[in-house]
2 protein chains.
Amino acid sequence: MANKAQVLYEFIAEAGNNELSVREGETITIINQNVGGGWIEAQNSNGDVGLVPEDYIEVNSSAAPSAQQTQATIGSYDAHSSEPAHTQGTNGSDPWSSSAWTGNNSPPGNWDYGGQQQTPAFQQQGSLDDDEWDDESDDGRSAGGYSQAEDGGATQRGGTSHPSMKISLNKFPFSKTPNPEVYLLGKLPNKGKERLSIFMGEVGPVWLYPQTPLDCIVADPKKGTKMYGLKSYIEYQITPSTTNRAVNHRYKHFDWLYERLLEKFGSAIPIPCLPDKQITGRFDDDFIKIRMERLQGWMSRMCRHPVVCESEVFQLFVNYKDERDWKVGKRKAEKDETMGVMIFSTIEPEAPDLDPIEVEQKCDMYSRFTKSMDDGVKDLLNVGHLHWKRCTGPLQKEYQKIGKAFQNLSNVFTTSGYTGETTLTEALTATGRTYEEIAEIVASQPKQDLHFLLETNSEYKGLLGCFPDTIGVHKAAIEKWKEADRLVAMNKINHQDKLTMAKRLSTMSYSLQAEMNHFHSNRIYDYNRVMRLYLEQQVKFYETIADKLRQALGQYADL
Amino acid sequence: MANKAQVLYEFIAEAGNNELSVREGETITIINQNVGGGWIEAQNSNGDVGLVPEDYIEVNSSAAPSAQQTQATIGSYDAHSSEPAHTQGTNGSDPWSSSAWTGNNSPPGNWDYGGQQQTPAFQQQGSLDDDEWDDESDDGRSAGGYSQAEDGGATQRGGTSHPSMKISLNKFPFSKTPNPEVYLLGKLPNKGKERLSIFMGEVGPVWLYPQTPLDCIVADPKKGTKMYGLKSYIEYQITPSTTNRAVNHRYKHFDWLYERLLEKFGSAIPIPCLPDKQITGRFDDDFIKIRMERLQGWMSRMCRHPVVCESEVFQLFVNYKDERDWKVGKRKAEKDETMGVMIFSTIEPEAPDLDPIEVEQKCDMYSRFTKSMDDGVKDLLNVGHLHWKRCTGPLQKEYQKIGKAFQNLSNVFTTSGYTGETTLTEALTATGRTYEEIAEIVASQPKQDLHFLLETNSEYKGLLGCFPDTIGVHKAAIEKWKEADRLVAMNKINHQDKLTMAKRLSTMSYSLQAEMNHFHSNRIYDYNRVMRLYLEQQVKFYETIADKLRQALGQYADL
């Protein structure tokens, strides 16, 4: 249901700023509460859409999220006008607050992360057409990513409903699997060839990393058509470093891969969602560029993950030989039964079993850490977003005005008719031009540095958003183990079952530890890299300006 | 009469910003329309005073100046909170638009210039008490500077009326002198010893400059009291470079000097008004400091003027030996009759007479130039003012937030429990602190550079504001000369009178040219100096930030 809001104070839109004028007392419909910077996107009764200051309106209490939540969900950064605004809905629930998730059929809500729509972890797209998706859009919306199962019913999400969306509620192969009981107490399938190794490294339990690291290049987006040119889509070229042989994929193929990875590894490994599924302007050059950059980031992260990169489905995606190979592999992947919590059955840690108390302590620590980091990352995104807006907006204009003011004065001085004016007027004109140049430098700088800082943090925001689901499975397992004594007393399980539970809980904990250690090492690498890049560019930025001003200074007469 | 305004839109004051909350439809009293940056100072019916956005109100049409004028009169810069806001009135008339002023008794209005109240040129303070001013305030308001003669009546100016003001309407020794006829056609007094020499220099007619340039230092403001401590005032020490012997003066003495210089030289030399006459907080350290700085600027400019610095009254001011000497000199100066247009009678240009046509062309050129420069200076003041506000407001806060965000993230990272985190967290903390330092540097920078740029432009704004009056006398003389043929035909003057007029007009023109050349040479010197200073500081500013960021960058691990 769309949120309505009352306008508290009259607000007059500034031309060219995508703002919406509103009158005191008017009722408006909130379209997007997450644009950030103290703005919301709203529609008035005439159907006009635009930005309105958050403080000028009061969201009707029945539907109003708390101020804190509003704050927390700010994230997508559309600071630069050439980047498409992310206008996705959020259901406003806070995954961090659901401290334990005990395996019922109501998955915790998910939320918007830096413009990336987190598809509920235990909800899967139904492969309506096994052979090919014949939907009309290339943006993944048809994959049911916007629908959410809740108590068996379906709720349309966050105001982005569209009659042509196909919502697949008929197949929820995952809907039982999040209950860790299946793994903790069930009879495990015969061991196949799939093995996930964990060994003790310097930092604790770690995944086995492949000998040859995989990376890939996402490049060369090409517009393709089908249905005699009626439908068009963008195809990207993916070249893995191992084979150096390019394969082509459309966004929906990425989305398919994401769904497979999520259902297979989601209980053990947070699978970051894909870059946002933007509808409007999806053939826009800037949009294609930023989507490709983000797909590259996503693929690189997947390539760097020792478990994901070695998985059959991922190898299929980057290495398929031909259409036939792809289709056969696709069908096989969709029938893979080692998924959900059963992924833990493939893990064999080479380490002594852990005490469940220790397991719980570690789990709580990870939960706290990822929650805190999520807050920190959002904070940085918010302020970065504001800074971007300032640089490309008021600050650029101001330096332009300063430049113009100096040039104006210089122009006036040339009309004085006084001799010996030239040195000053030329220097003043040069100064004015320098400030105009500075205006352009200031406005384009965020693309040189802030962009990467925000992209990395956006990526981490997306990744961190997957942790509540992944950690939730572990917490549920711990809760289940705590019930063990009672279940033994009730004769529902025997003592051996309890020992098995503890052992399997230990395996799960090793998996989580290995994953966290992977996360930490990547995090340190990524932040070190992006901060270096940011600061290098910032130094260059200030030095360039200093140089330009020094040149202008050189034109004035010595005193 | 105070301007009233209707509130168009509700405005909620932001705490700590000197803003005033207003309701739609409310009537408020405008106190100061010239605070700049799109704000006006207003008072509501409860007597609360504060800033309200210009766009939110509609000035009652009878008293409303045009938007352009409002724009043009923005000027006083109170960007930094430690500087007192200038809250002076303006009557909103535009002196530049009165293209010719034909010497009647209604002088064109004057207006606010960068915080300097231009006292009407042809209106003089009555020396009610010949011996000493015993008024209660030290700010010059009692000197009648806010009253204006218009058609023989008096109008209270710009909303700053005060019942305790003494308005002296009884003595207007100047009220006849602006008419250049007295000089053009009158019998000139016997030549006294007073001589203003003009000779032909490289750039054209120039004043004779003194062999030893005079300068003085205004320093050491001391609080004094009188009337058994009931009244207090600030006394400044003035030390002229010629004698190196300090004399003491209160602000009102400066004001007295200003009035003397204005009445004596105002027709030939634009006498810039004194720094604004601020009432509130006049014993505040910051106020005393800025007033002293501006008095210094004013004194230096007067010292640099070859005619002013050599005048008896100015020499008295900087060189009086004792109280008796001062009082005698003061009385003598007040009785000086060579003032107004009669100052031209003391001028003897060593050059051939000019054709009145040429005189008019030059006069028009000066008029255009000073008008254009006035616009340019105001433009620069406006944008500088905005920039100052940005640096000390949103920009400082933003860099602080960026700094905090990096430090937050660093704090979170230290809780990871992962080994090998230290280099990153220390580097991140250092980066955060660096941005906090940058915030302080950004906020304090305007005091290092923009301050001087704005002060110089404010000074020029004040100076340029005197030109319409000075040039007006010349234009009136030209108009009078144009009537000469008609007057000859009507037998009101004879042919010889006409020749005398042309000769005296030529003298006036030489005087104006000498003054303009003095102005130009000072302008080139001043702008060259202040631009160098500004750019030097700007370069240093950007270099300092680059250095600090480079240091932070050095703390990250090499990749």
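A note on names: the letters A, B, ... follow the listed sequences, proteins ahead of strands, and every chain is numbered from 1.
- Only the side chain of Leu428(A) has a heavy atom closer than 4.5 Å to any heavy atom of chain B.
- For CZ of Arg433(B), the number of neighbouring non-hydrogen atoms (other residues, nucleotides, ligands) closer than 6.0 Å is 12 at most.
- Aromatic ring pairs are classed by plane angle as parallel below 30°, tilted from 30° to 60° and perpendicular above 60°; the pair Phe413(A) and Tyr527(B) is perpendicular.
- Most heavy-atom pairs under 4.5 Å with chain B, from the set Val383(A), Asp547(A), Asn411(A): that is Val383(A).
- Contact annotation for Ala427(A): neither backbone nor side-chain heavy atoms come within less than 4.5 Å of a heavy atom of chain B.
- If you tally non-hydrogen atom pairs under 4.5 Å between each of Met531(B), Glu24(B), Met365(B) and chain A, the highest count goes to Met531(B).
- Distance CZ/Arg529(B) to CG/Leu424(A): 13.0 Å, rounded to 0.5 Å.
- At a 4.5 Å heavy-atom cutoff, Leu533(A) makes no contact with chain B through either its backbone or its side chain.
- Tyr435(A) touches chain B through its side chain: at least one heavy atom from C-beta onward sits under 4.5 Å away, while N, CA, C and O do not.
- The greatest number of non-hydrogen atom pairs below 4.5 Å with chain A, out of Arg368(B), Met373(B), Gln538(B), His387(B), is found for His387(B).
- Annotation: residues 401-409 of chain B contacts chain A through Lys401(B), Ile402(B), Ala405(B), Phe406(B), Asn408(B), Leu409(B) [non-hydrogen atoms, separation under 4.5 Å].
- Between Glu421(A) and Arg523(B) a salt bridge is recorded (basic side-chain N to carboxylate O distance below 4.0 Å).
- With rounding to the nearest 0.5 Å, the separation of CG in Leu553(A) from CD in Gln537(B) is 10.5 Å.
- Put simply, of Thr419(B), Thr425(B), Val539(B), Val377(B), the one with the most heavy-atom pairs under 4.5 Å next to chain A is Val539(B).
- With rounding to the nearest 0.5 Å, the separation of OH in Tyr556(A) from CZ in Arg532(B) is 10.0 Å.
- Considering all non-hydrogen atoms of both residues, Val412(A) and Phe369(B) come closest at O-CE1, 3.2 Å.
- For the set Lys540(A), Glu543(A), Met516(A), the entry with the most heavy-atom pairs within less than 4.5 Å of chain B is Glu543(A).
- Applying the ring-ring contact (aromatic ring centres under 6.0 Å, His included) test to every pair with at least one member in residues 531-554 of chain B, sequence neighbours left out, gives no pairs at all.
- Of the atoms belonging to Asn517(A), heavy atoms from both backbone and side chain fall under 4.5 Å from chain B.
- Annotation for Arg550(B): atom CZ counts as buried by contact number, over 12 foreign heavy atoms lying within 6.0 Å.
- In this structure, no portion of Thr434(A) lies under 4.5 Å from any heavy atom of chain B.
- Among Glu398(B), Glu202(B), Lys548(B), His520(B), the residue making the largest number of heavy-atom pairs under 4.5 Å with chain A is Glu398(B).
- Put simply, OG1 on Thr423(A) and CD1 on Ile524(B) are 8.5 Å apart, with the number rounded to the nearest 0.5 Å.
- Heavy-atom distances place both the backbone and the side chain of Thr415(A) under 4.5 Å from chain B.
- In terms of heavy-atom pairs under 4.5 Å with chain A, the best-connected choice from Pro394(B), Ser416(B), Ala546(B) is Ser416(B).
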